[in-house]
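One structure is given below, encoded as structure tokens.
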Amino acid sequence: QVDLVESGGGLVRPGGSLRLTCEASGRTLSSYTMGWFRQTPEKEREFVAAIEWSAKITEYGDSVKGRFTLSRVIDSRNNAKNTAYPEMNSLEPQDTAVYYCEAHHPAWAGAPVATSSHEYEYWGPGAQVTVST
């Protein structure tokens with residue numbers, strides 16, 4: 001079992017920046033793909049970014065490419081920090097959503113980075129990000 005908790009959300013003006021964090025408890029996530037997704041009441045959960053276990057491969061959703069950067073913390077001694085966090089820059093009102101940290105264990109080494117929330121086994125309660133004047 002893995003528990004994930006997001007933090008760092010809030011209200012930011014258009015053009016501003018935010019960094020979200022994700023803390024984990026339970027089993028180690030060192031071999032898991034870490035993904036971030038977002039959702040609004042009007043839309044299905046949307047892929048934001050994901051990074052595979054070694055941090056060598058990162059994928060981004062089209063709507064955030066060039067603005068968001070996903071980084072991975074690899075710390076074998078502290079599983080709570082062994083997740084991934086997005087640096088979100090040049091935020092736009094369309095980025096307003098609840099952001100979810102999710103974890104997925106690939107079926108085999110070298111599997112493509114999962115970009116669908118349906119592939120992820122664990123997720124947190126979400127963090128609200130609001131971009132508004």
Side-chain angles (χ1 to χ4, degrees):
Q1 181 63 35
V2 173
D3 292 316
L4 302 170
V5 179
E6 304 89 345
S7 61
L11 174 65
V12 63
R13 294 181 181 272
S17 299
L18 272 180
R19 172 179 149 169
L20 300 179
T21 59
C22 175
E23 286 211 0
S25 61
R27 66 175 58 182
T28 180
L29 294 178
S30 57
S31 61
Y32 279 66
T33 296
M34 298 303 302
W36 282 83
F37 294 80
R38 65 187 184 186
Q39 190 167 17
T40 64
E42 300 80 20
K43 295 182 180 180
E44 292 186 355
R45 196 163 291 194
E46 176 190 10
F47 173 67
V48 175
I51 188 166
E52 52 88 51
W53 68 273
S54 70
K56 292 180 180 179
I57 301 174
T58 307
E59 297 286 350
Y60 293 93
D62 289 340
S63 60
V64 306
K65 281 180 182 176
R67 300 187 299 122
F68 290 16
T69 301
L70 185 63
S71 300
R72 177 129 198 184
V73 175
I74 300 175
D75 188 344
S76 60
R77 298 170 298 176
N78 187 352
N79 188 56
K81 304 294 186 184
N82 198 359
T83 60
Y85 59 91
E87 298 271 3
M88 307 186 297
N89 300 309
S90 302
L91 284 163
E92 305 166 349
Q94 300 91 309
D95 295 316
T96 296
V98 177
Y99 283 72
Y100 297 91
C101 172
E102 304 195 5
H104 163 66
H105 194 277
W108 68 90
V113 173
T115 59
S116 170
S117 184
H118 298 293
E119 299 179 81
Y120 285 72
E121 294 85 16
Y122 304 105
W123 52 89
Q128 177 69 48
V129 171
T130 301
V131 184
S132 175
T133 56

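Throughout, residue positions are numbered sequentially from 1 according to the sequence presented.
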Just how far is it from atom [atom1] of [X] to atom [atom2] of [Y], taken to the nearest 0.5 Å?
| X | Y | atom1 | atom2 | value |
| --- | --- | --- | --- | --- |
| Y100 | R38 | OH | CZ | 13.0 Å |
| L4 | S25 | CG | OG | 7.5 Å |
| R13 | T133 | CZ | OG1 | 7.0 Å |
| W123 | D3 | CH2 | CG | 12.0 Å |
| D62 | K65 | CG | NZ | 4.5 Å |
| T69 | M88 | OG1 | CE | 11.5 Å |

Are the side chains of [Y] and [X] in contact, using a 4.5 Å heavy-atom criterion?
| X | Y | result |
| --- | --- | --- |
| Y85 | L70 | no |
| E59 | F47 | yes |
| I51 | V113 | no |
| L29 | V2 | yes |
| S54 | E52 | yes |
| L11 | S132 | yes |

Taking the six-membered ring for Trp, are the ring centroids of F37 and Y120 within less than 6.0 Å of each other?
->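 Yes - the distance between ring centres of F37 and Y120 falls below the 6.0 Å cut-off.
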State whether E102 and R45 are salt-bridged, where the test is any N-O pair (Lys NZ or Arg NE/NH1/NH2 against Asp/Glu carboxylate O) under 4.0 Å.
->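 Yes, E102 and R45 are salt-bridged.
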Exceeds 12 heavy-atom contacts within 6.0 angstrom, atom CD of Q94 =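 Buried by this count: over 12 neighbours within 6.0 Å.
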Joint cluster assignment, [X] & [Y], ILVMFWY side-chain distance < 4.5 Å:
| X | Y | value |
| --- | --- | --- |
| V48 | V129 | yes |
| V131 | Y60 | yes |
| W36 | Y122 | yes |
| V12 | F68 | yes |
| L91 | V64 | yes |

Specify the closest pair of heavy atoms between [X] and [Y], including all atoms of both residues, with the distance to one decimal.
| X | Y | value |
| --- | --- | --- |
| M34 | A103 | SD-CB, 3.8 Å |
| A114 | A50 | O-CB, 3.7 Å |
| T83 | A24 | CG2-CB, 3.8 Å |
| R72 | A55 | CB-CB, 3.9 Å |

Backbone N/O of E119 and side chain of H104: donor-acceptor pair under 3.5 Å |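 Pair found, side chain donor or acceptor close to backbone of E119.
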Check for a donor-acceptor pair, side chain of E6 on one end and backbone N or O of C101 on the other, with a separation under 3.5 Å.
->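 Indeed, once roles are kept as given, a pair shorter than 3.5 Å links the two residues.
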Consider only side-chain N and O atoms of E87 and S17, and report whether a donor and an acceptor are under 3.5 Å apart.
->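 Absent: no donor and acceptor within the cut-off.
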T21 versus E23, side-chain donor and acceptor atoms under 3.5 Å =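 No, because no side-chain N or O of E23 sits under 3.5 Å from a partner of the opposite role on T21.
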How are the rings of Y32 and H105 set relative to one another: parallel (under 30°), tilted (30 to 60°) or perpendicular (over 60°)?
->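 If you compare the ring of Y32 with that of H105, the planes turn out perpendicular.
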